[in-house]
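Quick notes on the structure that follows.
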Amino acid sequence: MSTVIAAIDSSLAARPVLAMARTVAPLFGAGIVAVHVVEDPDGPSPAGREHTAQAEADDAGIALRWLRGDAVRELSAAVADDEVVALVIGAHRHAVGGRAGHLPLALASCTDKPVIVVHPTATPPEQLRRVLVAIEGRPGRGKELKRAVELIEATGLEIVVVHVDDEASIPSFSDQVQHETEAYAAEFFGRFLPGLSHARLELRIGDAVEQILTACDETEAELLAVGWPQTEAGGRGRVAHALLDRCTIPVLLVATA
Amino acid sequence: MPSDPSPLGAAGLDRRFEAVVLFTDQAGTPDLVQALQDLLAAEVHVVVITAEPVAAVVDGLSIPPGATSMAFVAGRHGGEIAVVGGRDPQGAPAGADGGAVERLRAAAAATVEELAGQGVRARSSSPSSYERDVVIEVVPPTGPDGVPSADIGELVAYGRATSASVLHGAATRAALAAGIEDPRVWTDDGRVEIATVDERDALRLALSALWRHGVSTSGVLVVADEAGIGPRGCALTTVADTLEATVLCATGHALHTHPGTLPLPGGHAAVLDVLRGQGRHRRERSLPAVAPEPGWGLHLDGVEGERERVDESLVVLADGEVGTSGAPVVADESARPWTIVAGVYELDGPETHLLEGPVPSRIGGRLERAGFRRTLDLHSGTLGEVAPTDEGRITAVRFSSLARPGTVVERIACPSALDPIDPLRPPEGGLLDEGSHGGVAWMRVAASQGGIAAASVAGRDHPGASVYERVTAFAGDALQVPDAPVARALDARETGFDRLLGEHRAEWAQRWLDADIAIEGDERLQAAVRFSLFHLMSSVRDHGEAAVGARGLTGPGYRGHVFWDADTFVLPFLAATHPASARAMLEYRIRRLPVAAANARAMGRRGARFPWESARRGIDVTPTTARDRAGRLVPIRTGQLEDHIVADVAWASSCYEEWTGDDDYRRGDGLRVVVETARYWASRIRTEADGSAHIYGVIGPDEYHEPVDDNTYTNVMARWNLRQAAAAVERLDDPGIPAEERERWLALADALVDGYDSDTGIYEQCARFFSLEPVLIAEVAPRRPIAADYLLGPERVRQAQIIKQPDVLMLHHLVPDEVVRGTLEPNLRYYEPRTAHGSSLSPAVYAALFARARDFDRALDALRIASRIDLDDLTGTTASGLHLATMGGLWQALAMGFAGLRPRAGRLRVDPLLPKAWSALEVRVRFHGSRVCVRRDRTQMTITAQRPVDVVVDDRTYSVDGRGLVFVRRYDTWRLTP
């Protein structure tokens, strides 16, 4: 049977992660398995943490599976199972660096399966209705998200695509805005996301992170899909990383490498 | 398998040709005459070049009734031409200019004189009736009684004089002395012929005549039999023009021929076989090769998902009536086939858009994308496709008939298993009904009013035949059962593919004779220019009314709405090359004058107020809000405030009058247009207490600033409009317009402010423009062109001296007589660095202006951007159609900018400029009903006219006709050569 893994720890993030897993699992026709990785079984264990994870899983009525070892390695191995169709995980703000996302990004770098990252303060809806697919820079990057978009479309969710131009990709010409945007949008879908029906294009110009976050609010999206190049070398993946840090709705990382 | 014995087959050239040029001196042979006659009946053009009496050969041939084939016979030695069926081959070999007869006479006299000096008597004939040759015959010495002389000295002199070398030398010297630059001299048994032309010229004439019928040289098969070659070998292949042709030359002379010439063994019988082989190709429905001449084609290789829809726009086929996308003949998931019909819209108001009609169904099979090739022949308006599929290689040729607008013709070589089940496919969700009638499948798509009907006849000669043919006729506003397209489809089928192709190609060729622009020295620009002219010509019908949307018939973009693009950018090209289309565009405006008048009344004005965007009815259909590329919901106020379109329509009307001299129009509808638009301005202008007149609250061409007061473009165009109306009324003495009204127009025109600063020579674009933030976009933008409102935000741009496109400078381009002389340069210097070129209209206009300012480097930079906007998809929206106004602007940059063509008061001003990068520029136009060609090269300018017209060169008027005028540059002026 298909499975969605909900990777939880004993933090406050466990609850929204489990909630999101319950929201997305029906879309995949999958069941849910909660997983908790104990990274250092020999080290001192903060009192009650494992107990908290178990309690959250119990409250959600989801079986909890315990793994021991390196979190990236163990979760990667779990996700690699053929029956696993998606991973839902907390944003995991790093205690030292202060930025969220190191663990989910590391996991998303090891798998092509959807990785959904849930902010600790998120309150996932019981049912998803609208997904915002973010494309920044060259519009051609849209095709990198094609597989994910097809996956989302297959679930019947409403898709809004936001494309954020930066200075380099600002159009050379804009004749009559009342027609230009329409023509551009039609061609955008025809060119980069062919076959996608019933999607809407939101266009923005400026700082990609700010514009995408604003678009999340304005479109009332419940899930944000964003490309992840599976590496941060050369400054790549900056936008995805920043979004994990700041986005309060769940983020679907889509491998684009 | 037996090997193919024919030389064409052996060379892999056993294919269909469009014309045969036959060099023969056996043209009267019955079996040859029959073979040629059969070719003419099969729509193959025939040219015979012979030493036989031309008239006799012509008498043996005839053009079958209704055939589009052309035949003419040319003399091998002297340029005699006779046309079968009396059709003019529209050309004559060189050497028939006005002084040819005198030069030939002088050469003959000098030859006779030189021979006399050698003691030999000779006599010359008068130049032939074709004025291109003269014959000198040496008279054998005789005694007083007429008996041949027995005088040894006389006989020796005669023998010496009649030797070929002596006669040839004497005649050549005499001809050169007489001023014949390249004399053609033949000697034969005491006879010498001096001519200004020979068989090479005859061949050039043949190729030229065929070109004028739409046949490119690669479609010509030249066949020379042994007699036709003559004693000097197959010299015809030294004609550079034949390099693209296929040449068969009788064996025995092959060594004298061009390396590309194929030997033709087998004598007369072999010639007959070759000719009959062409007849066989026609019977077997072979596909014509789509192989454009250099500079006349667009080749697109492969199908690539991201680019495909752009490519389909680039090779759209249209005929003024219907436009069909260039989607592959074989179905592919990236393709988006569509059909639109001129002027057929769905819905009303801002949502009005072009209705999509039925589409010819695609052929089956799975396309192997990488090997796919599309070739658009711009000269003949045909699209060729080679499509490898899992079922084998499919080839196809299609065209949208310019001779029968609204008719799409296809011939496809493919296995019958791939035939579409139904010839037509309805657009998504649009089918009204369908049926069949007499073997014709028809389909209708309904709009809120009217609709589109299509009727298609498709099939094969017999089951298993290798070729599938389909003719589809479209009609707009189909409220009735589609009898008309059904009848047209049946008629087209009866006519047959080859005849349809012949008439279509000939129509295109004629269009090009009036419109081509040749740029020598820049092949890339040349191809781009012809690409633009092709789509301009094919997007506008030439009868009734023509609603020309921003993308013409090349796509559904901009919903087919009609803007000032049509009047200001597209119409001038057509007024100057195909006036009937320009007239149809004006008719669209004229029929909507009542709506424009009602619009003016609704706004509390008089006269006619044309809408910024219009469609079927002529009401304003401009949307009032839109999301921009930054996601902002922005109000669209162009519909309310972009008033200058009123004067733009009047300017277009005047432009048509100037190019055509159409006096009936000037006195009738032209007068209505200029008067009603002037009345609008008279009611729109406000006069202040100080007597100054103003137009408040408008948007000019620079749409970054809105609303503004006293936009200089709007004010000066309104002023021009008022003065034009007053002059028209005065000239025509129209009793319906009171003198007081005319005087008021003139007073308002004089009082209108125009922002001119005589100290700087600069016009202020609008009130308070100079007080805006002085930003040079050229210095702050990372690149140009750039949409500055997206780069800096609309508010910032609105507060700065950053403009979208030429505004003041449009006046220097459109109405140079309305601005102060000598102000082009200072305004160019001021405004260009402030221009973002965020409008696709901008580069072409700047190219024209920089050319006039002799700043060729910047002119060429701008010209190249304008020429690539669609070819390189610089806007990202080419997939929705081509930027027709930019294409019109490109023509203006070349014709008005570089060539300096301006019609004015019945005369055509000519002032061509040539940048160093080009070796020559040639522009063809129609002026006052006459075909005019202006050619400028490094040393001279040549002007020719089909019928006498007046041209103005350096402020002097000359009458020019078919003999042409040649000017040379002396210092800064043109001098007419004798």
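Fair warning: this is a prediction, and the values are worked out from it, not measured in the lab. Numbers restart at 1 for each chain; the letters A, B, ... are given by sequence-line order, proteins then strands.
Only the side chain of P843(B) has a heavy atom closer than 4.5 Å to any heavy atom of chain A. R783(B) touches chain A through its side chain: at least one heavy atom from C-beta onward sits under 4.5 Å away, while N, CA, C and O do not. Only the side chain of T622(B) comes within less than 4.5 Å of a heavy atom of chain A; its backbone N, CA, C and O stay farther away. When heavy atoms are compared at a cutoff of 4.5 Å, L792(B) does not approach chain A at all. Looking at P194(A), neither its backbone nor its side chain comes within 4.5 Å of chain B, counting heavy atoms on both sides. When heavy atoms are compared at a cutoff of 4.5 Å, D565(B) does not approach chain A at all. Interface residue E703(B): only side-chain heavy atoms are found under 4.5 Å from chain A. Using a 4.5 Å cut-off between heavy atoms, E304(B) makes no contact with chain A at all. Using a 4.5 Å cut-off between heavy atoms, L874(B) contacts chain A through both its backbone and its side chain. With a threshold of 4.5 angstrom between heavy atoms, S334(B) does not approach chain A through any atom at all. Proximity to chain A (any heavy atom under 4.5 Å) is restricted, for T877(B), to the side chain, taken from C-beta onward. If you measure heavy-atom distances from A168(A) to chain B, the contacts under 4.5 Å come from the backbone alone.
One side chain, Y713(B) or D648(B), offers a donor N or O that lies under 3.5 Å from an acceptor on the other. Side-chain N/O atoms of D166(A) and S169(A) include a donor and acceptor closer than 3.5 Å. In the model, E642(B) has a side-chain atom that pairs as donor or acceptor with a side-chain atom of H644(B) under 3.5 Å.
Of the listed residues (E182(A), H163(A), Q176(A), E180(A)), the greatest number of heavy-atom pairs within a distance under 4.5 Å of chain B belongs to Q176(A). Between chain A and the residues S840(B), S842(B), A879(B), A788(B), the largest count of heavy-atom pairs under 4.5 Å involves S840(B). Interface check for chain A: of the options G881(B), S880(B), P782(B), A781(B), the most heavy-atom pairs under 4.5 Å are formed by P782(B). Put simply, of A626(B), P785(B), G631(B), P556(B), the one with the most heavy-atom pairs under 4.5 Å next to chain A is P785(B). Heavy-atom pairs under 4.5 Å with chain A were tallied for Q805(B), H883(B), E613(B); the largest tally goes to E613(B). Ranked by heavy-atom pairs under 4.5 Å with chain A, the first of T878(B), T875(B), I636(B), L841(B) is I636(B). Contact tally against chain A (heavy-atom pairs below 4.5 Å) for R784(B), E333(B), K804(B): the top residue is K804(B). By number of non-hydrogen pairs under 4.5 angstrom with chain B, the leading residue of E218(A), E202(A), Q178(A), Q211(A) is Q178(A).
Taking the six-membered ring for Trp and thresholds of 30 and 60 degrees, F188(A) and Y184(A) have ring planes inclined between 30 and 60 degrees apart. Note: Y558(B) and H179(A) have parallel aromatic rings, judged against thresholds of 30 and 60 degrees for the angle between ring planes.
Ion pairing between a basic and an acidic side chain is recognised when a charged N comes within 4.0 Å of a carboxylate O; R834(B) and D702(B) show no such pairing. A salt bridge is defined here as a Lys NZ or Arg NE, NH1 or NH2 lying under 4.0 Å from an Asp or Glu carboxylate O, and R336(B) with E312(B) fails to meet this definition. Taking 4.0 Å as the cut-off between side-chain N and carboxylate O, R559(B) and E346(B) do not count as a salt-bridged pair.
Listed here is the closest heavy atom pair of L224(A) and C247(A): CD2-SG, 4.0 Å. When all heavy atoms of D628(B) and V634(B) are compared, the closest pair comes out as OD2-CG1, 3.9 Å.
For the pair L223(A)/I249(A), no side-chain contact is recorded, criterion being any heavy-atom separation below 4.5 Å from C-beta on.
Between R204(A) atom CZ and R632(B) atom CZ the span is 10.0 Å, to the nearest 0.5 Å.
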